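Hydrogens, waters and symmetry mates are skipped; everything else that's a heavy atom, side chains included, is used. Note that the structure is predicted; figures quoted are calculated from it, not measured. First listed ligand is number 1; within each ligand, the first listed atom is number 1.
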Amino acid sequence: MKFFIDTANLSQIREAQDLGVLDGVTTNPSLMAKEGITGQANILKHYVDICSIATGDVSAEVIGTEYKDIIAEGEHLASLHKQIVVKVPMIKDGVKAIRYFTDKGIRTNCTLVFSAGQALLAAKAGATYVSPFLGRLDDISFDGMELIHQIVHIYRNYGYSTQVLAASIRNPLHIVKCAEAGADVATCPLSAILDLLKHPLTDIGLAKFLADAKKTQEVSAK
Ligand code: G3P
C-alpha cells in the first residue's frame, strides 16, 4: 500500500519524505488555508514547492464547480508540474471533467466520495484515484472501513484501474485496516504515520538491550 501525506505543511512533507516511506501528497483547500497560503499565485507556487520536496504524485484540488471552470483550472494545475494530479469533486460536472481529463492523459483524483455508487462513477469516468473519506463517515456513525472494502471489492470484480485512495484517515488503526482491505493508497496526517512506530514492547525491549549492551561494554573495558 502506498503512503501519501495529507497536508500542505512543507516541513511535515519533508519529514515524511526523509523517513523514506512517502509515496505522494494530497492537499485540499482547507489544508492550504490552514497553512495560511492565500492568493492564486502563492497557491500555485506552493504546489510546485511541494513537488520539489516529495517525489510522488501531488493532488491539487480545483475550486470551480462548473465544467468549463474545472477544465480550465485543472489544465493549468496539470501544466505546473508532472507530479500534479488534478483533484476534482464528486459532482456531475466533476465526473464529466474527469472523463475529459482522462481522455487527455491528465491524471485525476476524484474527491469527496462517500458511497460505493459514487466510486463506481469515478471509475467509469477513468479517474486515476478515488478518495473515499472514511474518517468523516465514522464521525457520523457510518462504518467508513466498510466503504473501503466495498469499493475494493467492486473494482476487483471489473478490473477497474482506478486506485482506491483511502482519505480522511485519523489514526494508525485506520491505516492498518486499509492495508487489510486492499486499499491502494492511504493518505494520512504525519501523526498517524509516526504512530505506526509505537509499541510499548519495542520500548521495553530496546531499554533492556541497551542496558545489557552497556554491561558488555563495561566488561570489555576492564
Ligand atoms: O484530503 C481529504 C481528507 O483526507 C480530509 O480529511 O480529516 O478533513 O476529514 P479530514
Side-chain angles (χ1 to χ4, degrees), residues 1-10 12-13 15-17 21-37 43 46-47 49-51 53-54 56-65 70 73-74 77-78 83-91 94-95 97-98 107-116 118-119 121-122 127-149 151-152 162-179 181 183-196:
M1 185 173 72
K2 291 182 208 161
F3 276 20
F4 286 6
I5 189 168
D6 195 29
T7 186
N9 182 289
L10 299 183
Q12 290 188 11
I13 294 168
E15 187 176 339
Q17 181 70 31
V21 300
L22 193 67
D23 300 297
V25 181
T26 51
T27 63
N28 61 43
S30 305
L31 294 170
M32 295 296 268
K34 193 173 164 193
E35 298 307 316
I37 317 296
I43 290 170
H46 201 74
Y47 288 136
D49 289 346
I50 291 173
C51 292
I53 298 170
D57 287 351
V58 174
S59 287
E61 188 159 341
V62 299
I63 50 171
T65 54
I70 297 172
E73 217 184 317
L77 287 170
Q83 285 167 246
I84 297 275
V85 173
V86 180
K87 205 172 180 186
V88 181
M90 170 40 74
I91 53 175
V95 171
I98 288 169
R107 293 173 309 138
T108 54
N109 174 357
C110 183
T111 190
L112 289 167
V113 165
F114 293 92
S115 76
Q118 291 177 325
L121 272 179
T128 313
Y129 298 101
V130 66
S131 288
F133 280 29
L134 74 98
R136 291 193 195 182
L137 280 170
D138 287 355
D139 290 345
I140 58 160
S141 301
F142 279 81
D143 187 350
M145 236 16 265
E146 181 52 37
L147 177 61
I148 306 294
H149 279 281
I151 298 172
V152 168
T162 302
Q163 296 179 55
V164 180
L165 192 167
S168 187
I169 281 177
R170 304 281 166 75
N171 57 56
L173 188 58
H174 273 158
I175 301 176
V176 172
K177 292 280 177 196
C178 283
D184 300 284
V185 188
T187 190
C188 331
L190 180 63
S191 59
I193 297 174
L194 295 179
D195 281 348
L196 289 172

- prompt: Which atoms from ligand 1 have a heavy atom of R136 less than 4.0 Å away?
  reply: 5 (C), 8 (O), 9 (O), 10 (P)
task: Indicate yes or no: does an N/O atom of S168 lie under 3.5 Å from an N/O atom of ligand 1?
output: yes
- prompt: When you measure from the side chain of D195 to the backbone N and O of P172, does any donor-acceptor pair fall under 3.5 Å?
  reply: no
query: Is the distance between the ring centroids of F4 and Y129 less than 6.0 Å?
result: yes
query: Checking Q118 side chain against S115 main chain: does a donor-acceptor pair fall under 3.5 Å?
result: yes
Main-chain N/O of T187 paired with D6 side-chain donor or acceptor, under 3.5 Å: no
query: Quick one: does K34 get a heavy atom under 4.0 Å from ligand 1?
result: no
field: Subset of ligand 1 atoms that lie under 4.0 Å from at least one heavy atom of F133
entry: 2 (C), 3 (C), 5 (C)
message: Is there a polar contact, in the sense of an N or O pair closer than 3.5 Å, between T27 and ligand 1?
response: no
- line: Per-atom filter on ligand 1: closer than 4.0 angstrom to a heavy atom of A167 are 4 (O)
task: Pull out every atom of ligand 1 sitting under 4.0 Å from any heavy atom of N28, numbered as shown with elements.
output: 1 (O), 2 (C)
message: With side-chain hydrogen bond (donor to acceptor under 3.5 Å, both in side chains) as the criterion, how do N9 and E35 come out once you've worked through the C-alpha distance, each side chain's angles and the decisive distance to 0.1 Å?
response: CA-CA 6 Å; N9 182 289; E35 298 307 316; 3.1 Å; yes
task: With heavy atoms of R170 as the reference, note each atom of ligand 1 found under 4.0 Å away.
output: 7 (O), 9 (O), 10 (P)
message: I need the atoms of ligand 1 closer than 4.0 Å to a non-hydrogen atom of D6, numbered in the order shown.
response: 1 (O), 2 (C), 3 (C), 4 (O), 5 (C), 6 (O)
message: Under a 3.5 Å distance rule, please check whether Q17 uses its side chain to pair with a backbone N or O of I13 as donor and acceptor.
response: no
query: Is there side-chain contact between I5 and C188, with heavy atoms separated by less than 4.5 Å?
result: no
